[in-house]
Amino acid sequence: MTLLENIEKGIKAGLAYHYNYTITKQPILITPTKKEFEGDFTVVVFPFSGVLKTKPEELGAVLGQYLIDQDSNFADFNVIKGFLNLTLSNKAIKNLLELVILAPDFGTFPANGKKVLVESSSPNTNKPLHLGHIRNILLGWSVYKIMEAAGFEVKRVQIINDRGIAICKSILAWQLFAEGATPKSADVKPDHFVGQYYVRFEQEFSEEYKTWLESVEGLQVFKQIKKEEETFEEFKSRFKNEYFNQHSSLGAQAKQLLLKWENGDSDTLDLWRRMNQWVYDGFDATYKRLGVAYDQLYYESDTYLLGKKTVEDGLAQEVFYQKRDGSVWVDLTEEGLDEKLLLRSDGTSVYMTQDIGTALLRNEDFAPDKMVYIVADEQNYHFDTLFKILKKLNAPFADGLYHLNYGMIDLPTGKMKSREGKVVDADVLMDEVIAAATANSLERGSLDDLSEESQNKIFTKIGLAALKFFIIKVNPKKRMVFNPEESVDLQGQTGPYVQNAYVRIQSVLKRYKESDYTNNYLDINEIERALILMMSQYPGMILTAANEMDPSLIANYCYQLAKQYHRFYHDCPILNAESEDTKRFRLQLSHSVASVLSAGMDLLGIEMPEKM
RNA sequence: GGUCCCGUAGCUCAGCUGGAUAGAGCAACUGACUUCUAAUCAGUAGGUCGCACGUUCGAAUCGUGCCGGGAUCACCA
């Protein structure tokens, strides 16, 4: 039984014993005591004093006394207004450290028999990964680690958007402008190589569009279609898509390519495979560097057919309906949404069709209890719709669907816009952050006696810790501002700060030659007490983080614990402690802090260096 | 316009199942390294928690209405 449960039980028993009162509705609010008051846990007794028509101070005193009498874990209490502050006995604190925190399974929960599938990353194959993907990938990885620690069996998957018009644009640009160049011949990371041709297409298309708008035909169309009050610029952006589909030569060629692809033209398919493989190779390098991996990849080119079939079956069973032009729709007006297209009038599939197929295929593969989609919040409507459709189809997993809708990342200069080249590239960003860590480290010179290889490993760990922590510490649902300068900070509320606490501990532990920390120290001071109580909250943090799918809770917890340790390290001598018992206790305490920090940061995909 | 999300210190963020005097980091300023490595610690300064009303013993937290910002409402993905 945990201490919180002890308190709750004691309060209930006390209320029954002294007031013959049984709690029905009100939850008992128990929080860690604020540091300006004395005590370890605080029970808020206001709600009961109201019901019992007792003064809060009196009720608090009665309950406090009752708890102390009944439970030897509690040594003292004080009451301020309606707040009952309880102080644990030193023995209880020590037991907490030795029996709970140092237990081998601390911070992991036994398997709960539930399977969860986490989809993340899921990039398009026409351009390299950027900052937005990094947030997605890091969230995916830490949600996986956290849910696993909480007892779930987790499968990490992606859906690769490997087909469609966007990929055809890259392919077409390569055909038109590359003159047979390859990533190797150009000496460019392969995903970036393909991305260059996507950008090239957009440039050429913009030029073409601009020229057309100024032509006789363009001006005529503008006059005909322009809405009242609409400026030329507004028209230009509104009409762009229609221009692509109806008037553009490049657009026609790209669409022609898509048609060839859908018809299985072997030359097109070969080139498509070849260019996609370049992208996959590039992505793999980035994933590896970020330290993430996936159990299974799904490709749209494999799943859209199942989606189509499902929609056709649904049509036969009248879950969906068909319009006169042959297009298939779902009516979600009863669910508070709209009508949504599922198959085009020409019978081809759309985004939604593919996602239906993908979900069903995943269910066949894993039969998960939950499916978590980590996708930016701009797609909230899409996933609302998808989940309602799957419910309509009576998918067995329909009640376990969850869209972890994280906020987009802004730059200090404003929104990221990939079409305007205003993006932060994932690979470049990692280079920069590692370079910053390297420069900082070399300046300190504390690693000079290590080989260059070991040094580089540490620089990488520090740089990536800075980057990952910077992103993960923000609540995923919130839009965040990414300042590249701050992301390479190594001081303050950062990953390296937490790493530093760990490194300090390692450095101390190494100097103590024995491995036996048993001790009879009982004179536990405030800082030590706070550290132990804080660590005791770790398993609860994991459950909360898993429940809310919020890794930022773990990041902030690790920071708080590291901060408390740094304070301890500064104020309390360890190896030079006044007695052997004290020394051993503090070593034991340090050792457990290191374990919790390391485990917690591992949940975020951040590794600890032994030195820094 | 409909729907949804967000507004906390100069900046980036915690806190939000209602609880004590709203917390961190960065930036600014002051102090602490012959010491278990200072990527650290201690301190100063910085707030109308967007605004208003309501709910109650108590509101940054809940409700309503405004104001400001964003997302979305494609036979795009």
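These figures come from a predicted structure and were not determined experimentally. Chain letters run A, B, ... following the sequence lines, proteins first and then strands; every chain starts at 1.
Heavy atoms only, all atoms of each residue included: A:Gln499 and A:Ala465 are closest at NE2-CB, 3.3 Å. Closest of all the heavy-atom pairs between A:Leu604 and A:Pro551 is CD2-O, 3.7 Å.
Between B:G50 and B:G70, the two C1' atoms lie 15 Å apart (nearest whole Å). When the P atom is used for both B:A60 and B:U21, the distance is 11 Å, rounded to whole Å. Going from the P atom of B:C13 to that of B:C6 covers 14 Å, rounded to whole Å. Remark: the separation of the C1' atoms in B:C49 and B:A32 is 35 Å, to the nearest Å. One C1' atom belongs to B:G25, the other to B:A20, and the distance between them is 25 Å to the nearest Å. Comparing the P positions of B:A42 and B:C33 gives a spacing of 16 Å, expressed to the nearest Å. B:U35 and B:C26 are spaced 29 Å apart, taking the C1' atom of each and rounding to whole Å. Separation of the P atoms belonging to B:C5 and B:G23 is 29 Å when rounded to the nearest angstrom.
Atom P of nucleotide B:U3 and atom NE2 of A:His403 are separated by 21 Å, given to the nearest angstrom. One can place OH of A:Tyr502 at 17 Å from C1' of B:A39, the figure rounded to the nearest angstrom. A:Ile505 has its CD1 atom 15 Å from the C1' atom of B:A39, to the nearest Å. A straight line from CE of A:Met541 to C1' of B:A14 spans 11 Å, rounded to a whole angstrom. Residue A:Phe41 contributes atom CZ, which lies 18 Å from atom P of B:A20 at whole-angstrom precision.
Within the nucleic acid shown, A:Glu300 comes within 4.0 Å of sugar-phosphate atoms alone, with no base atom in reach, counting heavy atoms only. Within the 4.0 angstrom heavy-atom criterion, base atoms lie near A:Val44. Counting any heavy atom pair closer than 4.0 Å across all strands shown, A:Asn124 reaches sugar-phosphate atoms only and no base atom. Residue A:Tyr381 is classed as a sugar-phosphate contact, given heavy-atom separations below 4.0 Å to backbone atoms only. A:Asp410 comes within 4.0 angstrom of no nucleic acid atom, judged by non-hydrogen atoms across all strands. Using a 4.0 Å heavy-atom criterion, one finds that A:Ile462 contacts the bases of the nucleic acid, with or without backbone contacts as well. Counting any heavy atom pair closer than 4.0 Å across all strands shown, A:Tyr351 reaches a base atom. Counting any heavy atom pair closer than 4.0 Å across all strands shown, A:Met480 reaches sugar-phosphate atoms only and no base atom.
The A:His566 side chain lies nearest to B:U40 when the options are B:U40, B:U37, B:A74. Here B:C75 is the nucleotide among B:A77, B:A39, B:C75 with the atom lying nearest to any side-chain atom of A:Asp325. Of all nucleotides listed (B:A20, B:A39, B:C75), B:A39 comes nearest to the side chain of A:Asn500. Of all nucleotides listed (B:A39, B:A71, B:A24), B:A39 comes nearest to the side chain of A:Arg444. Side chain of A:Leu29, nearest nucleotide from B:C13, B:G19, B:A77: B:G19. Of the candidate nucleotides B:U12, B:A71, B:C13, B:A71 has the atom lying nearest to any side-chain atom of A:Lys415. Here the side chain of A:Lys611 is nearest to one of B:U37, B:G70, B:C41, namely B:U37. Between B:C13, B:G19, B:C41, one nucleotide has an atom nearer to the side chain of A:Lys563 than all others, and that is B:C41.
For A:Phe46 and B:G58, the ring-to-base geometry does not satisfy the stacking test (centroid distance below 5.5 Å, interplanar angle below 30°). A distance cut-off of 5.5 Å between ring centres, combined with a plane angle under 30°, places A:Phe37 in a stacking arrangement with the base of B:A20. Using a 5.5 Å limit on the distance between ring centres and a 30° limit on the angle between planes, the aromatic ring of A:Phe83 does not count as stacked on the six-membered base ring of B:G19.
A:Leu587 has its side chain out of reach of A:His591: every pair of non-hydrogen atoms, C-beta onward, lies at least 4.5 Å apart.
Where RNA chain B pairs in unbroken runs of 3 or more (Watson-Crick or G-U, both distances under 3.5 Å), the stems are B:1-7 with B:67-73, B:10-13 with B:23-26, B:28-32 with B:40-44, B:50-54 with B:62-66.
In the model, A:Tyr502 has a side-chain atom that pairs as donor or acceptor with a side-chain atom of A:Glu610 under 3.5 Å. Side-chain contact of A:Ser590 with A:Tyr565: a donor-acceptor pair under 3.5 Å is present, judged by distance alone.
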Inset, instruction - Going 5' to 3' through nucleotides 27-36 of chain B, assign each nucleotide B (protein heavy atom under 4.0 Å from a base atom), S (under 4.0 Å only from sugar-phosphate atoms) or - (no protein heavy atom that close). - result: ---------B

Inset, instruction - Would you give a per-nucleotide map of nucleotides 4-9 of chain B, 5' to 3', where B means the base has a protein non-hydrogen atom under 4.0 Å away, S means only the sugar-phosphate does, and - means neither? - result: --SS--

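Side-chain atoms of A:Ser441 come within donor-acceptor range of the base of B:A39, with a qualifying N/O pair under 3.5 Å. Side-chain atoms of A:Thr42 come within donor-acceptor range of the base of B:A20, with a qualifying N/O pair under 3.5 Å. For A:Asn85 against B:A20, a side-chain-to-base donor-acceptor contact under 3.5 Å is present.
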Inset, instruction - Any chance you could lay out the salt bridge (Lys or Arg N to Asp or Glu O under 4.0 Å) test for A:Glu526 and A:Lys35, step after step, and finish with the verdict? - result: CA-CA 10 Å; A:Glu526 281 312 305; A:Lys35 62 173 181 290; over 6 Å; no

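Between A:Tyr243 and A:Phe205, the two ring planes are tilted [angle within 30° to 60°].
To the nearest 0.5 Å, atoms SG (A:Cys558) and NZ (A:Lys563) are separated by 15.0 Å.
For the pair A:Arg584 and A:Tyr521, the cation does not sit on the ring face, since its NZ or CZ is not both under 6.0 Å from the ring centre and inside 45° of the axis. For the pair A:Lys323 and A:Trp329, the cation-pi test (distance below 6.0 Å, angle within 45°) is passed.
Residues passing the side chain to side chain contact (heavy atoms under 4.5 Å, CB included) test with A:Glu8, sequence neighbours excluded: A:Lys12, A:Ile28, A:Ile30. In this view, A:Asp191 and A:Pro128, A:Lys189, A:Val279, A:Phe283, A:Thr286, A:Asp427 satisfy the side chain to side chain contact (heavy atoms under 4.5 Å, CB included) rule, not counting sequence neighbours.
Phosphate contact (OP1/OP2 of B:A20, side-chain N/O of A:Lys81, threshold under 4.0 Å): absent. Applying the 4.0 Å criterion to OP1 and OP2 of B:A77, one finds that A:Arg344 has a side-chain N or O inside that range. Contact annotation: A:Arg479 does not reach the phosphate of B:G69 (side-chain N/O to OP1 or OP2, under 4.0 Å).
Judged as a ring pair (Phe, Tyr, Trp, His ring centres under 6.0 Å), the pairs with a partner in residues 458-481 of chain A (not counting sequence neighbours) are, in order, A:Phe470-A:Phe482.
Here A:Asp581 does not pair with A:Arg586 in a salt bridge; the nearest charged N to carboxylate O distance is not below 4.0 Å.
At most 12 heavy atoms of other shown residues, nucleotides or ligands fall within 6.0 angstrom of atom NZ in A:Lys457.
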